[in-house]
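Structure first, commentary second.
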Amino acid sequence: MALAEFLAELESLEAAARQSLAAAADASALEAARVEFLGAKSGRLKSVQKQLGTIPGPDKPAAGKRFNEAKLAIEAALTMAQERLERSATQAAAAPFDPTLPGPRPRLGHLHPLTQTIEELKDIMGRLGFTVATGPEIEDERHNFEALNIPASHPARDPLENFYLSVAGVATGEPLLLRSQTSTVQIRVMESTPPPVRIISLGRVYRPDTADATHYPMFHQIEGLLIDRKVTMADLKSVLRLFASSFLGGDVHIRFRPSFFPFTEPSVEVDMSWHDTHAGGAIRWIEMGGAGMVDPHVLRAVGYDPEEVTGFAFGLGVERVCARRHGVSDIREFYRNDVRFLHQF
Ligand code: DAH
């Protein structure tokens, strides 16, 4: 057989094979096409191969080369056809799209447990007649210390115990710091309002403490202040007890331990107790913060007359009451931002 005739035959075979492989509509049609063209015994490619022997010697290499190309091309067309059939099989198996089904629900977040606590504390104290006051987180020494009767020599004013800013106040040139307590707001309110006063203030305070299960360099306090005629410590205790039992549940008690704060006289530490159901109902006490009767020096510093009015003040840790309420044993959890923790509240 002449080379030209051989090549022409190969050409038309390749074209016919490509066409029927591409046209095979299912697996059995594809198999039939495969046997027809690539069948090992009597496939059409096999018969063309047999004619290779009749090509004249010098033309043999060219004929063989072209034969191999045609064979590879037909095999590639077979693979493509197989993949095409597999794809349409998996598409058919997938459920048909139903546009009337409801979409996936987006996961809704919620307020952080501390924010929830703050809102609830505002609500409880609001029912007791306390309105919410606010003050800046960057303070001067007058509001954070001096007017609160904390003299310059007091250890609480040590620069190592506070976050002083490296810039001074623009107008005053005085040192500034991140407030270390919300008691600052007592001063701000009394400076701008005549008595009687009945406020709470909730917010962030800052101290360079090492973080552990009960400390964090930034935390929240709830400050309360009540100034009026004839206010006594019994009023303080009643308000704190009502507050604690509303927030933590009925079975809560309040205990005062003698203490010292420069801005109150007398001063107490406030403990709250509850029946620990995890420990067989044993009574447990936990320290919640400080309180006392507002020191006459403080009343005078804001222009009030201590002969006319008296008052009480308290400052409690919001993280502590929130942790107590929910049985959280490490306040650092509140700041890790791990949704597995947060979504429980
Ligand atoms: N400011 C105090 C602190 O941060 C807490 C405190 C104690 C606040 C007694 C008060 C108070 O209003 O009367 O440790």
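By convention here, the first residue in the shown sequence is residue 1. Read the numbers this way: they start at 1 and go in the same order the structure lists the ligands and their atoms.
Looking at atom 1 (N) of ligand 1, its nearest protein heavy atom turns out to be Q181 OE1, 2.7 Å. Of all protein heavy atoms, the one closest to atom 12 (O) of ligand 1 is E223 OE2, 2.6 Å.
Listed by number with element, the atoms of ligand 1 under 4.0 angstrom from any heavy atom of R207 are 3 (C), 4 (O), 14 (O). Those atoms of ligand 1 that come under 4.0 Å of a heavy atom in Q186, given as number and element, are 12 (O). Annotation for ligand 1: atoms under 4.0 Å from non-hydrogen atoms of F261 are 7 (C), 9 (C). If you number the atoms of ligand 1 from 1 as listed, the ones under 4.0 Å from a heavy atom of T264 come out as 13 (O). Each of the following atoms of ligand 1 lies closer than 4.0 Å to a heavy atom of G292: 13 (O).
Of the candidates G315, G317, G224, the one placing a heavy atom closest to atom 6 (C) of ligand 1 is G315. The heavy atom nearest to atom 11 (C) of ligand 1, out of those in F260, F312, F263, is found in F263.
Residues T182 and L202 fail the side-chain proximity criterion, which asks for heavy atoms closer than 4.5 Å. Residues P155 and E161 have side chains not in contact (no heavy-atom distance under 4.5 Å, counting atoms from C-beta outward). Under the 4.5 Å side-chain criterion, counting only non-hydrogen atoms from C-beta, T210 is not in contact with H215.
Note that the NZ atom of K46 and the CG atom of L38 stand 11.0 Å from one another [nearest 0.5 Å].
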Can you check ring pair (Phe, Tyr, Trp, His ring centres under 6.0 Å) on H326 and F345, steps first, answer last?
CA-CA 8 Å; H326 295 294; F345 297 91; 4.9 Å; yes
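The two residues V270 and A291 make their nearest non-hydrogen contact at CG2-CB, 3.8 Å.
Between the side chains of Q181 and Q221, no donor-acceptor pair of N or O atoms lies under 3.5 Å.
Judged by a 6.0 Å distance limit and a 45° cone about the ring axis, R325 is positioned over the six-membered ring of F247.
Here S183 has side-chain heavy atoms under 4.0 Å from ligand 1, and that is the only part of it that gets that close. Within the 4.0 Å heavy-atom criterion, neither part of R179 lies near ligand 1.
Not a single heavy atom of G289 sits closer than 4.0 Å to an atom of ligand 1.
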